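Notes follow once the structure below has been shown.
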Amino acid sequence: MKSNNGMIGKSIPRIGAIERLLGKPLFSADMELDHPLVLKVLPSDRHHARILDIDTAEAARVEGVVEIFTAEDIPRNHLTGIINKDRPLLAKNKVRSKGDAVALVAALNIHAAETAAKKIHVVYEDLPSVHDPEEALKNHASKVHEKGNLLFTRKIKKGNPEKAFEACAVVVEKTYRTSFLEHTYLEPDAGAGYLDPDGNLVIIASTQNPHYDHSELVSLLGVAPEKVRIVQAATGGGFGSKLDLNVQGFIGLALYHLKRPVMCTFTREETYRMTAKRHPLKMVFKTGADENGHLMAMTAKMICDTGAYGSYGLAVASRAPVHATGPYEIDHVDVECRCVYTNNPFAGAMRGFGVPQAAFAHESQMDLLAEALGMDPLEIRRVNALKAGHKTATGQLLNGSVGIDQCLEAVKPHYENALKTWLHGETDFAKQRGVGLGAMWYGIGNTGVQNPSTAHIEMDGEGRITLYTGCADIGQGSTTVLSQIAAAVLGISPDMLCMVVGDTAFTSNAGATSASRQTYISGNAVKNAAEKLADVLLTEGVDLLKRPKTDLMLENGFVVYKKDPDHRMPFSKIAARAAKRGIPLRWQGYFDPETVPLDPETGEGVPYATYAFACHVALVTVDVLTGEVTVHKIIAAHDVGRAIHPASVEGQIRGGAAMGVGFALMEEYDPSTTRSLKDYHIPTAMDMPEIIPIIIESSEPTGPFGAKGVGEPALIPTAPAVINGITNAVSARIYHLPANLERVLEASIQSGKFTMKEVA
Amino acid sequence: MLTHPAYARPETLYEALLFLKTHGIDTRPLAGGTDVMVDLRAGKLKSEYLLDISRLKELQGIGLSKDGLSIGAGVTISEIYNSPLVAKNAPSLIKSCAFFGSPQIRNVATIGGNVGNASPSADTVPPLLVHEARAVLASENGERTVALANLFEGPYRSGIRPDELLIRFILEPADGRFTDFQKIGRRKALAISRMSMALLADPKEDGTLGTVRLALGSGTPTPMRMEAVEAFLKGKRADRQTVEAGSRLMAEEMVRITGRRPSTEYKEKAVQGLFLRILAPLVE
Ligand SMILES: Cc1cc2nc3c(=O)[nH]c(=O)nc-3n(C[C@H](O)[C@H](O)[C@H](O)COP(=O)(O)OP(=O)(O)OC[C@H]3O[C@@H](n4cnc5c(N)ncnc54)[C@H](O)[C@@H]3O)c2cc1C
């Protein structure tokens with residue numbers, strides 16, 4: 001189907017935008033249920049300890065308490081986790097971090113629940129705890145899990161880097177570090193549940209993956225799949241953390257036993273304490289280039305701290321090394337990434353799955369090489385940028401959409417202009433200006449594993465069309481984009497579609513809203529379903545209009561004869577006729593990107609079917625006397641394949657840049673001191689630079705109408721660009737994120753900028 | 001978790017003071033609540049009563065008299081920021097209010113609460129100190145006036161007695177002298193000062209500095225005047241050498257008073273940086 005009736009590339013009003021403005025969408029915490037019980041989790045206050053006893057007697061006597069659950073009460077499998085199952089819903093025998101849930105109180109009101117939680121007496125026997133992943137790998141280290149602290153290793157090997165380094169004109173070797181980060185989505189985790197008239201468990205929750213939640217609940221409770229229904233509530237952001245089972249399991253457990261409405265709403269402090277963090281990485285990068293700046297070889301040793309549980313740790317530990325080369329062709333590569341358990345808070349998915357960390361390292365290396373060679377940072381990137389026909393470090397031949405060079409080209413005038421004029425503009429005596437670049441690539445979808453999406457489309461007897469998708473819209477606008485794709489195929493306006501989204505009773509699995517995969521993968525599944533329906537409509541049209549199929553098209557709810565648009569037949573007639581003849585009008589769409597699993601020893605394989613590319617330029621000012629940094633402007637070029645909804649793409653770019661500024665300059669979650677927003681700085685409106693989004697459309701042949709993805713790519717180049725900008729300003733580099741006041745001032749002192757020299 | 005102290009809202013100052021006379025020891029006055037509510041949520045507030053003083057007229061108002069510039073303890077940060085009287089007589093105080101919290105915070109937070117909370121990083125305090133502010137306190141027994149510099153006993157410990165309320169502050173007007181406030185935060189809004197500084201100086205025609213008053217926030221256990229540095233600068237020309245020497249003395253003084261802590265590594269340098277930044281306009 002080629003027709004797209006102008007629907008693709010059009011920023012139609014976001015589905016649900018008006019409702020949001022009017023305050024109408026139902027967030028989980030706003031659910032009105034009949035006298036719901038409230039749930040409160042008692043978290044562990046030990047890093048690592050055996051549980052000798054949990055005495056709930058006193059707590060149970062608190063007025064208003066209905067029940068107190070512990071691990072004993074979990075009917076079937078107590079372990080949860082999307083990739084590896086290692087996280088108990090409620091701690092059994094031992095706790096591995098201070099956020100582990102130990103007991104669950106169900107009470108008539110929050111006061112009773114909180115009071116009771118405090119009166120649960122847990123007798124612990126402390127075990128030695130380990131908080132540094134390198135320590136955790138030593139022989140004597142305390143074991144976080146029985147099977148040992150090394151969860152996973154990913155290796156990528158190609159050619160012979162050690163030998164290739166010998167022939168390099170320059171080789172740069174540096175160590176980079178990043179910190180734990182907290183997602184800080186607008187809406188703290190929440191959910192509600194009740195029994196429907198048939199006795200099924202209905203759970204409404206803030207989630208990025210209702211179908212995963214469903215499978216997890218079935219596993220925990222040991223009930224038949226049809227007894228559980230997960231409905232995605234309006235969701236106020238997730239950034240990866242709402243891929244885990246944060247409240248859904250507690251709701252299911254209470255509902256299963258108590259059979260009455262329950263609610264579970266985390267406070268901000270609870271989301272900080274009990275949900276996933278971004279993995280801190282330590283990365284030793286060695287990169288070599290010839291005298292023309294051609295990258296010849298690289299090696300990297302990465303270690304990522306997944307804390308007490310795996311969550312998406314395996315995905316992070318796979319993605320970070322796969323992307324370690326950056327969007328550049330390098331013939332000789334040896335990368336290893338180890339994912340390690342510690343007694344820190346567990347780390348999981350967070351926008352970019354380890355690639356933001358890796359990009360900080362590879363983009364710093366690019367600037368260091370450029371400096372050593374006396375090359376311009378943009379030039380060295382252009383020399384090495386991946387092109388169609390190149391092979392990646394995993395041996396994948398790139399043949400589709402590879403838009404990195406177009407991104408570099410697009411930012412070039414801005415970059416050159418900034419270097420020529422802005423950089424030399426007037427500043428107060430303590431300020432230094434700098435311009436920095438950051439580039440990235442990002443594989444769409446999960447890494448070398450199947451991650452299909454499905455969708456259904458249905459036309460009723462009157463020609464009305466309903467699209468069913470399990471794809472969770474968490475604020476990024478996937479519902480709108482999917483409606484545009486279906487509408488484009490069916491030649492109707494998107495508002496003629498009825499959308500049923502994220503409800504396991506009605507929709508089928510679309511996989512997680514993560515890995516920037518929904519436009520590409522669910523978009524394709526929706527397109528596939530719509531095309532099947534379109535084909536039926538056209539085929540039926542042949543009979544009714546007596547014209548060959550190739551001369552027919554779909555337009556505004558009619559099958560139309562192209563040569564005489566007045567010769568047409570409404571969908572309603574076709575539907576009625578098809579129904580009579582027993583021709584199905586409900587179709588399933590399916591799409592799974594073509595990947596090849598990575599070889600465990602060499603990493604050879606095809607991790608992703610397609611990649612997004614991007615480059616940011618950051619204009620920054622550093623106060624060399626205090627370490628304060630101001631980001632003035634970010635020019636952000638993103639190859640998204642095709643922007644189905646350009647305003648949403650720009651929205652992602654702006655939001656990503658905001659998050660990138662936070663990652664670069666201020667965000668740091670310290671497990672021992674960070675309790676809430678008071679101790680954790682995300683950028684405010686005042687910290688935001690001007691952002692100039694540039695959309696590059698290097699059409700992806702396998703994408704729906706050429707689309708790839710942008711959700712995570714949006715954030716990835718920002719921090720490297722800002723860091724390279726700071727380096728440009730103060731002539732000293734920061735190797736540990738965030739580049740906070742202390743680190744920037746230290747850099748300024750190291751490079752001799754900390755003086756009053758320039759006072760007039 | 002919110003515990004629930006009893007709430008009382010007196011109509012007049014007199015009523016409030018009577019309440020404090022009996023219950024003072026178990027009571028926490030509540031003005032804008034931007035510190036109190038944070039403590040309450042964190043479970044750090046143990047008082048039995050919250051005494052809402054936010055509507056007491058006696059704590060309102062900004063005025064100028066022969067005594068000086070008077071600012072009621074119940075005046076909000078926004079009101080100060082928008083006051084032409086303050087702009088004319090204490091510009092550095094205006095500046096401390098410009099970068100205070102966020103608009104929402106500024107609209108409810110009061111100057112009395114800022115002083116009452118006695119945080120080392122209270123932003124209005126360094127400007128108040130360089131204006132030699134006096135605090136007027138009242139109890140059912142009557143009023144007393146204390147130099148603000150003598151009101152703080154330690155971090156988060158003020159010398160306000162349980163039966164007292166802050167009524168107003170009286171500042172010595174700038175009278176055309178140079179004043180400024182500078183602050184370092186971890187971000188550009190909603191940031192507690194990592195360090196702050198206020199300056200009041202009187203450069204003479206001959207290029208020497210007359211009066212110099214310097215107050216430091218977030219560098220010492222309570223915000224305080226840095227008298228040794230003031231003495232060093234007084235009567236000297238503000239040339240580069242002098243100012244650089246002053247900045248080093250500033251750091252030495254801070255470390256002498258505060259001792260070394262993990263944060264000293266940064267603050268020792270930052271205090272010099274901030275000092276250079278605040279004095280730069282006076283350097284020849
Ligand atoms: C998000 C946020 C941002 C902030 N940003 C800043 C900032 O940038 N700079 C800064 O300095 N502070 C900041 N603060 C802290 C706080 O806003 C200030 O200290 C504010 O001035 C407190 O005033 P309040 O009226 O809200 O005081 P309250 O919270 O009502 O009271 C604070 C204390 O003072 C006592 N008190 C109040 N009034 C009187 C009185 N008349 N007599 C005796 N005792 C009294 C109270 O009992 C209490 O102990 C911030 C706070 C928040 C929550």
Side-chain angles (χ1 to χ4, degrees), chain A residues 40 110-111 113-115 117-118 267-270 428-431 622-631 658 661-662 665-668 673 675-689 738-750 753-760, chain B residues 1-4 34-35 37-39 41-44 98-99 101-105 182-197 238-248 262-284:
Chain A
K40 195 82 199 168
I110 188 68
H111 185 67
E114 284 176 348
T115 309
K118 285 191 183 149
T267 60
R268 181 64 68 181
E269 289 87 342
E270 284 169 324
D428 104 28
F429 76 98
K431 306 275 188 352
V622 179
D623 186 318
V624 295
L625 295 180
T626 61
E628 291 162 291
V629 176
T630 304
V631 184
V661 167
L665 299 180
M666 61 190 84
E667 293 191 39
E668 177 167 21
T673 57
R675 297 284 169 264
S676 188
L677 289 166
K678 180 162 71 66
D679 333 293
Y680 187 83
H681 298 87
I682 58 171
T684 67
M686 300 287 284
D687 298 279
M688 282 305 293
N740 55 21
L741 293 171
E742 290 78 1
R743 292 184 183 126
V744 176
L745 186 59
E746 177 64 25
S748 157
I749 293 167
Q750 292 302 329
K753 298 270 176 193
F754 182 79
T755 76
M756 223 193 160
K757 250 196 244 60
E758 285 152 74
V759 179
Chain B
M1 182 181 116
L2 293 175
T3 49
H4 297 283
T34 59
D35 284 316
M37 295 310 288
V38 174
D39 286 351
R41 186 177 169 93
K44 287 186 198 153
F99 296 101
S102 62
Q104 296 90 330
I105 294 292
Q182 295 276 348
K183 149 174 182 174
I184 306 173
R186 292 204 180 275
R187 61 181 169 193
K188 306 215 180 304
L190 281 167
I192 299 302
S193 287
R194 192 81 178 104
M195 182 161 279
S196 67
M197 204 178 280
D239 55 24
R240 213 185 105 189
Q241 259 183 339
T242 306
V243 170
E244 281 184 347
S247 79
R248 286 190 293 271
S263 63
T264 309
E265 196 181 329
Y266 172 73
K267 289 191 172 177
E268 197 175 15
K269 290 292 180 182
V271 75
Q272 298 179 48
L274 211 52
F275 180 89
L276 296 179
R277 189 152 103 184
I278 209 166
L279 272 126
L282 301 181
V283 175
E284 317 178 304

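Letters A, B, ... mirror the listed sequences (proteins, then strands); counts begin at 1. Since the structure is predicted, the reported quantities are computational estimates derived from the model, not experimental observations.
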Item to check | Evaluation steps, side chain to side chain contact (heavy atoms under 4.5 Å, CB included), between A:Leu665 and B:Arg187 | outcome: CA-CA 9 Å; A:Leu665 299 180; B:Arg187 61 181 169 193; over 6 Å; no
Item to check | Interface moiety of A:Val629 toward chain B, non-hydrogen atoms closer than 4.5 Å | outcome: backbone
Checklist entry - Does the side chain of A:Asp623 reach to within under 4.5 Å of the side chain of B:Arg277, using non-hydrogen atoms? => result yes
Checklist entry - Partners of B:Ser247 by side chain to side chain donor-acceptor pair (under 3.5 Å), sequence neighbours excluded? => result none
Item to check | Verdict with reasoning, A:Thr630 to B:Lys188, per side chain to side chain contact (heavy atoms under 4.5 Å, CB included) | outcome: CA-CA 9 Å; A:Thr630 304; B:Lys188 306 215 180 304; 3.2 Å; yes
Next on the checklist: Working to the nearest 0.5 angstrom, can you tell me the gap between B:Lys269 NZ and A:Leu625 CG?
Outcome noted: 11.0 Å
Checklist outcome for this item: CZ (B:Arg240) and OG1 (A:Thr755) are apart, to the nearest 0.5 Å, by 6.5 Å
Item to check | Test salt bridge (Lys or Arg N to Asp or Glu O under 4.0 Å) applied to B:Arg186 - qualifying residues, sequence neighbours left out | outcome: A:Glu742
Next on the checklist: What part of B:Val38 gets within 4.5 angstrom of chain A, counting heavy atoms only: side chain, backbone, both, or neither?
Outcome noted: side chain
Next on the checklist: What's the separation between atom CZ in B:Arg194 and atom CG in A:Leu741, rounded to the nearest 0.5 Å?
Outcome noted: 7.0 Å
Checklist entry - Can you name the closest pair of heavy atoms from B:Gly185 and A:Glu628 and give their distance? => result N-OE2, 4.0 Å
Next on the checklist: Does A:Thr267 form a side chain to side chain contact (heavy atoms under 4.5 Å, CB included) with B:Arg41? I'd like the steps, not just the answer.
Outcome noted: CA-CA 11 Å; A:Thr267 60; B:Arg41 186 177 169 93; 3.7 Å; yes
Checklist entry - For the residue pair B:Ala280 and A:Phe429, what are the closest heavy atoms and their distance? => result CB-CE2, 3.1 Å
Next on the checklist: Looking at every heavy atom in both A:Asp687 and B:Ala189, which two are closest together, and how far apart are they?
Outcome noted: OD2-N, 4.3 Å
Checklist entry - So which heavy atom on B:Ala270 is nearest to which on A:Leu745, and how close? => result N-CD2, 3.8 Å
